[in-house]
Protein chains: 2
Amino acid sequence: MDEFQPPGRLVTLTDVAREAGVGESTVSRVLRNHGSYSKRAGARVAEAVARLGYVPNRLAGSLAGQGASARLVGVVIPSLANVVFPDLLRGLTSALDAEGIPCVIGVSEYDPDREEALAAALLSWRPAALLLTGLEHNPGTVALARAGGVRVVEMIDTDGDGIDTVVGFSNRAVGAASARHLVARGYRRIAYLGHDLRIDVRAGKRLAGFEEALAEAGLALQAQEIRSGPSSPASGRAGLEALLARHPDLDAVYFSNDDMALGGYFACLAAGLAVPGRIALFGFNGLDFAAAMPQPLSTVRTPRLEIGRRAAACLTDQSPKKIDLGFELIEGATA
Amino acid sequence: MDEFQPPGRLVTLTDVAREAGVGESTVSRVLRNHGSYSKRAGARVAEAVARLGYVPNRLAGSLAGQGASARLVGVVIPSLANVVFPDLLRGLTSALDAEGIPCVIGVSEYDPDREEALAAALLSWRPAALLLTGLEHNPGTVALARAGGVRVVEMIDTDGDGIDTVVGFSNRAVGAASARHLVARGYRRIAYLGHDLRIDVRAGKRLAGFEEALAEAGLALQAQEIRSGPSSPASGRAGLEALLARHPDLDAVYFSNDDMALGGYFACLAAGLAVPGRIALFGFNGLDFAAAMPQPLSTVRTPRLEIGRRAAACLTDQSPKKIDLGFELIEGATA
DNA sequence: TTGAAAGCGCTAACAT
DNA sequence: ATGTTAGCGCTTTCAA
């Protein structure tokens with residue numbers, strides 16, 4: 001391998017043009033395979049690129065190009081600690097990589113103000129699109145998104161109005177379906193165990209749908225345990241122990257997600273409580289481990305990867321739309 | 001919803017200058033708080049920015065600025081399906097967000113050729129740094145990274161030579177420590193259960209260290225089960241069932257990671273096998289759920305977030321270095 | 001099919 | 001303290 005380039009000085013398109021003995025615009029045409037050029041010019045440019053190890057500068061390319069928008073998409077997610085969001089990114093990147101469009105990510109930690117700051121920061125890179133999570137944003141975020149001149153896609157949640165395009169499922173409907181399942185199975189003394197609803201709006205919507213469906217059946221939540229901090233198996237385990245200590249007569253628990261439910265299951269195993277005989281457990285998300293449990297977890301599978309993929313597909317669409325990808329209730333064996 | 005902006009025409013710094021009645025460079029100075037300007041100029045610019053809803057164009061800013069490198073970092077990870085990598089990103093973004101530097105990500109799916117293509121694509125955005133995973137890359141990737149004129153940080157693995165800076169831990173040492181733990185606990189008929197080692201080099205290094213330490217104790221692996229596809233609890237469960245069917249006399253199993261081990265634990269629960277009495281289980285990663293299990297999983301906790309944070313910290317460092325963050329063996333109750 | 005030249009929106013001298 | 005100006009590395013008319 002040759003020695004390093006003098007660091008400040010990377011190979012430019014001008015260098016390639018000189019090396020290939022053609023004009024800059026010809027190099028540009030060859031590189032983007034746009035416009036017409038001779039076979040000979042094509043070959044000489046290809047050679048020069050290889051010889052020089054040229055890597056195009058997309059900063060300059062995007063600035064000069066049409067619309068001055070970059071082949072990048074900005075993505076703001078609330079967290080990386082919950083599998084849901086990496087899954088979303090997974091769907092996104094799998095679809096975007098094919099087009100050579102990378103994601104620029106920002107993590108808001110469920111803070112609307114941070115979300116707004118991140119949206120502004122990402123928009124400053126002039127991405128082709130801005131992807132947000134959920135439908136609840138600061139007014140400032142909405143204003144930025146509208147003024148940004150980019151396609152905006154809000155992912156995951158369809159319960160409400162979007163800025164532009166929305167891809168997801170109805171969290172209220174998930175909650176309602178979960179409640180109806182528990183009711184149909186004969187459970188009557190049902191509790192909710194979740195993490196902080198102020199930070200996770202969508203969990204709040206599920207709970208609202210859940211309670212609504214309970215009410216339709218003439219039932220009400222017997223108890224509710226809200227743990228501080230993020231959801232986790234440890235939190236679910238401690239939460240279920242606390243819940244059962246206070247309300248020994250419960251016969252079913254609806255968890256804010258599968259991680260919490262797994263912790264609940266562990267609590268039952270540790271305490272020797274029969275599931276679902278003594279207590280039924282119902283989760284949310286349909287994560288991998290749910291199906292591998294000795295008793296498959298009763299839960300709802302959400303189309304996380306699909307949401308990411310569809311969001312990517314929407315970037316090229318013309319008109320805004322709302323896409324509800326639905327969900328699947330997995331009966332499992334714990335409720 | 002109001003109508004969209006005429007898409008082509010976003011507010012520019014020149015617009016702000018006109019609106020504020022000052023020169024462009026003054027606006028630039030105010031915005032970057034660099035150089036000197038009067039209180040009055042500062043105020044007028046701030047007003048104009050707010051009134052116009054100006055969002056700076058960093059494409060242009062980076063192109064014009066020193067070194068022409070963008071306040072972005074490029075990150076190539078092999079997967080988003082394994083918690084390890086989102087955790088890495090989590091550490092990274094938590095440190096970089098403070099500086100307003102977003103990550104541009106690429107997911108290689110454990111394919112070195114894709115990694116190379118992604119490295120080139122990310123480098124074309126002229127990031128301030130390129131972060132790679134592991135130490136094994138195509139020669140082309142290494143050449144790109146060296147010629148890119150950027151700081152390169154390789155994360156996670158310290159077993160080998162890096163391009164520039166390396167932050168991680170020794171996978172061989174993890175494997176060796178795990179084996180010594182099992183041997184010390186009196187297990188003798190030990191098997192390995194993992195996923196495809198050709199795609200996960202680091203799991204291979206752990207296994208090598210594990211076998212080496214076994215050999216030092218005069219022992220050898222009794223069996224080995226390699227599942228195709230990614231690691232998952234379902235794969236771990238099926239794998240342990242297969243392993244025990246073929247080798248009923250095993251007394252301990254070393255899993256390629258905690259997800260696999262969780263599946264193994266589920267297999268034991270389902271089959272009514274005492275853990276660790278009948279069979280001991282040992283994992284890797286120290287994920288959240290490990291500590292919440294009825295019997296805490298015996299595993300090794302890896303400093304994933306810390307690796308991300310330290311990698312971020314290295315970006316401003318002058319000289320290359322290798323940072324070994326170590327790991328922690330968690331005795332747990334399953335081995 | 002090709003090259004020359006005018007920007008894209010910004011930063012960084014250099015004047016003033 | 002502030003304005004003027006020359007680029008940064010590309011793309012894209014426009015002529016040739």
Side-chain angles (χ1 to χ4, degrees), chain A residues 5-45 48-49 52-72 123-127 148-149, chain B residues 7-45 48-49 52-72 123-127 148-149:
Chain A
Q5 303 278 350
R9 186 69 183 87
L10 267 59
V11 180
T12 72
L13 181 143
T14 308
D15 298 327
V16 175
R18 194 184 317 106
E19 178 83 7
V22 300
E24 304 190 14
S25 43
T26 298
V27 177
S28 177
R29 282 186 284 255
V30 172
L31 258 29
R32 291 174 309 121
N33 191 30
H34 177 273
S36 54
Y37 53 87
S38 60
K39 277 220 112 47
R40 181 164 169 290
R44 296 188 59 108
V45 168
V49 163
L52 264 33
Y54 172 66
V55 175
N57 182 336
R58 290 199 191 285
L59 256 28
S62 304
L63 185 61
Q66 300 279 36
S69 104
R71 303 254 304 165
L72 286 176
L123 247 12
S124 75
W125 293 103
R126 295 292 185 267
Chain B
R9 188 71 182 85
L10 268 61
V11 180
T12 72
L13 180 143
T14 309
D15 299 327
V16 175
R18 194 182 317 107
E19 178 83 7
V22 300
E24 304 191 16
S25 46
T26 298
V27 176
S28 176
R29 280 185 287 253
V30 171
L31 259 29
R32 293 173 306 125
N33 191 28
H34 179 271
S36 54
Y37 53 89
S38 61
K39 277 218 113 47
R40 182 165 165 286
R44 295 188 60 108
V45 168
V49 163
L52 265 34
Y54 171 67
V55 175
N57 183 336
R58 289 198 193 282
L59 256 29
S62 305
L63 186 60
Q66 299 281 33
S69 105
R71 300 255 306 165
L72 285 175
L123 247 13
S124 75
W125 293 103
R126 296 293 185 267

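Chain naming here is simple, since letters A, B, ... match the order of the sequence lines and numbering starts at 1 in each.
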key: Closest to side chain of B/Arg32, choosing from C/dT11, C/dT1, D/dT11   = C/dT11
query = Could you state the CD-P distance from A/Glu24 to D/dT13, rounded to the nearest angstrom?
reply = 17 Å
remark   = Between B/Arg29 and B/Leu59, whichever has its closest DNA chain C nucleotide further toward 5' is B/Leu59
task = Measure from CZ on A/Arg18 to P on D/dG9 and round the result to the nearest Å.
result = 12 Å
ask   = Taking for each residue the nucleotide of DNA chain D with the nearest heavy atom, is it B/Ser38 or B/Ala60 whose nucleotide lies nearer the 5' end?
value = B/Ser38
message = I'd like to know if the side chain of A/Asp15 reaches the main chain of A/Thr12, judged simply by a donor and an acceptor atom lying under 3.5 Å from each other, with no hydrogens or angles considered.
response = yes
key: A/Tyr37, nearest nucleotide to its side chain (from D/dC10, D/dT11, C/dT2)   = C/dT2
key: Residue pair A/Ser124, B/Arg58: steps toward the side chain to side chain donor-acceptor pair (under 3.5 Å) verdict   = CA-CA 5 Å; A/Ser124 75; B/Arg58 289 198 193 282; 3.0 Å; yes
inquiry  = Do A/Ser69 and A/Trp125 make a side-chain contact, defined as non-hydrogen atoms from C-beta onward lying under 4.5 Å apart?
reply    = no
query = Do A/Arg18 and A/Thr14 get their side chains close enough for a donor-acceptor pair, meaning under 3.5 Å?
reply = no
task = Let me know the distance between CZ of B/Arg126 and P of C/dC10, rounded to the nearest Å.
result = 21 Å
message = Given D/dT11, C/dA13, C/dC10, identify the nucleotide with an atom nearest to the side chain of B/Gln66.
response = C/dA13
request  = Consider the side chain of B/Thr26, meaning its heavy atoms from C-beta on, and name the nucleotide among C/dT2, C/dC8, D/dT2 that approaches it most closely.
outcome  = D/dT2
note = B/Asn57 atom CG is separated from D/dC10 atom P, nearest whole Å, by 16 Å
Side chain A/Ser25 and base D/dT11 donor-acceptor under 3.5 Å = no
request  = Report the nucleotide, chosen from C/dC10, C/dT11, C/dG3, that has the shortest atom-to-atom distance to any side-chain atom of B/Ser28.
outcome  = C/dT11
ask   = Whole Å only: how far is the CZ atom of B/Arg58 from the P atom of C/dT11?
value = 9 Å
query = Starting at CG of A/Asp15 and ending at C1' of D/dC10, how long is that distance when rounded to a whole Å?
reply = 13 Å
note = A/Ser36 has its side chain closest, among C/dC10, C/dC8, C/dT1, to C/dT1
request  = Would you kindly give the CG-to-P distance between A/Leu63 and D/dC8, to the nearest whole Å?
outcome  = 14 Å
remark   = A/Leu13 CG to C/dA4 P, in whole Å, measures 13 Å
Minimum-distance pair of heavy atoms, taken over all atoms of A/Arg126 and B/Pro56 = NH1-O, 3.5 Å
